[in-house]
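Below is one structure; the comments refer to it alone.
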Amino acid sequence: MEYSSFGPEDTLKIARELGQKVHAGDVICLIGDLGVGKTLFSKGIAEGLGIEENVSSPTFTIVQEYNDGRLPLYHFDVYRIEDPEEMEEVGFNDMIYGEGVCLIEWADMILDILPEHYINIRIEKDLKKGFDYRRIIIEKN
């Protein structure tokens, strides 16, 4: 599916709707350049899960866990990972095959260790359509 977002509210709405539909064990991979809205999309997913806690990018902690929604959310930011094997140190396998939803920003950096099936989300800018415009492509792998 392909969506057009003309501003942050559109992006949140698209992500919120997806968050309402996800199931335990789902892995959501966010891919896009710096500043395209990956963390904003993550906030929308969390809202869709009923998480009221403020969601921010776990860039330096690698993973942030949220448990106050209908399912646990494991929010990863792997931008600073140099070797995918580092993910073992944060309990990646326990979370990825657990009962929650895993959301991974910069997932293209750890493709080798992702499970066989996941939801791939690419967020792209198109400045010809405006500064706030984002093309959001959601595909199941």
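The chain is numbered in sequence order, starting from 1.
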Before accepting this row, confirm whether a basic side-chain N of the pair Glu105/Lys38 lies closer than 4.0 Å to the acidic partner's carboxylate O.
no
Can you tell me how far apart NZ (Lys21) and CD1 (Ile119) are? Round to the nearest 0.5 Å.
10.5 Å
Is the side chain of Asp26 donor-acceptor paired with the backbone N or O of His23 at a distance under 3.5 Å, no angle test?
yes
With heavy-atom distances below 4.5 Å as the criterion, would you say the side chains of Val101 and Tyr66 are in contact?
no
Nearest 0.5 angstrom please: Asp83 CG to Met109 CE, how far?
11.0 Å
Ser42 and Leu30: which non-hydrogen atoms are nearest, and at how many Å?
OG-CD1, 3.4 Å
For the pair Trp106 and Tyr79, name the ring-plane relationship: parallel under 30°, tilted 30 to 60°, perpendicular over 60°.
tilted
Heavy-atom closest pair (Asp108 atom, Leu111 atom, distance to 0.1 Å) is O-CG, 3.5 Å
Do Leu71 and Ile51 belong together in a cluster built from hydrophobic side chains that touch within less than 4.5 Å?
yes
Here the gap from Arg134 atom CZ to Glu124 atom CD, rounded to the nearest 0.5 Å, amounts to 11.0 Å
Among the clusters formed by ILVMFWY side chains lying less than 4.5 Å apart, do Val27 and Leu49 turn up in the same one?
no
Under 4.5 Å between any side-chain heavy atoms of Arg122 and Ile136, yes or no?
no
Donor-acceptor check, side chain of Asp10 to backbone of Phe6, threshold 3.5 angstrom: yes or no?
yes
Does the pair Arg135/Glu2 count as a salt bridge with the N-to-O cut at 4.0 Å?
yes
Would you indicate whether the side-chain heavy atoms of Leu73 and Glu65 approach each other to under 4.5 Å?
no
Answer yes or no: is there a side-chain heavy-atom contact under 4.5 Å between Phe76 and Cys102?
yes
Quick check: closest heavy atoms across Ile96 and Pro115, and the distance to 0.1 Å?
CG1-CD, 3.9 Å
Heavy-atom distance under 4.5 Å between the side chains of Ile110 and Phe92, does that happen here?
yes
Which heavy atom of Leu12 sits nearest to which heavy atom of Gly44, and what is that distance?
CD2-N, 3.6 Å
Gln20 vs Glu47 side-chain heavy atoms within contact, under 4.5 Å
no
Verify same cluster id: Leu114, Ile81 (apolar side-chain graph, 4.5 Å)
yes
How far does OG of Ser57 sit from CG of Leu40, to the nearest 0.5 angstrom?
12.0 Å
Donor-acceptor pair, side chain of His75 and main chain of Gln64, under 3.5 angstrom
no
Mind checking whether Ile62 and Ile113 sit in one hydrophobic cluster, side chains of I, L, V, M, F, W, Y counted as touching below 4.5 Å?
yes
Rounded to the nearest 0.5 Å, how far does CG of Asn141 lie from OH of Tyr118?
4.0 Å
What verdict does the side-chain contact (heavy atoms from CB on, under 4.5 Å) test give for Val22 and Arg70, after you've listed the backbone C-alpha separation in whole Å, the side-chain angles of each residue and the deciding distance to 0.1 Å?
CA-CA 10 Å; Val22 294; Arg70 67 178 176 84; 3.9 Å; yes
Side chains of Phe41 and Ile123: closer than 4.5 Å at any heavy-atom pair?
yes
Check this for me: does any side-chain nitrogen of one of Glu17 and Lys13 sit under 4.0 Å from a carboxylate oxygen of the other?
yes
Just checking, any donor-acceptor pair under 3.5 angstrom between side chains of Tyr133 and Ser4?
yes
Are any non-hydrogen side-chain atoms of Ile121 and Ile31 less than 4.5 angstrom apart?
no
Should Leu34 and Val78 be regarded as members of a common hydrophobic cluster, given that ILVMFWY residues are connected when their side-chain heavy atoms come within less than 4.5 Å of each other, either directly or indirectly?
yes
Side chain to side chain contact (heavy atoms under 4.5 Å, CB included) test vs Ile28 passes for just one of Asn120, Ile45, Ile138, namely Ile45
Identify the two heavy atoms, one from Asn67 and one from Pro72, that lie closest to each other, and give their separation to 0.1 Å.
OD1-CB, 3.5 Å
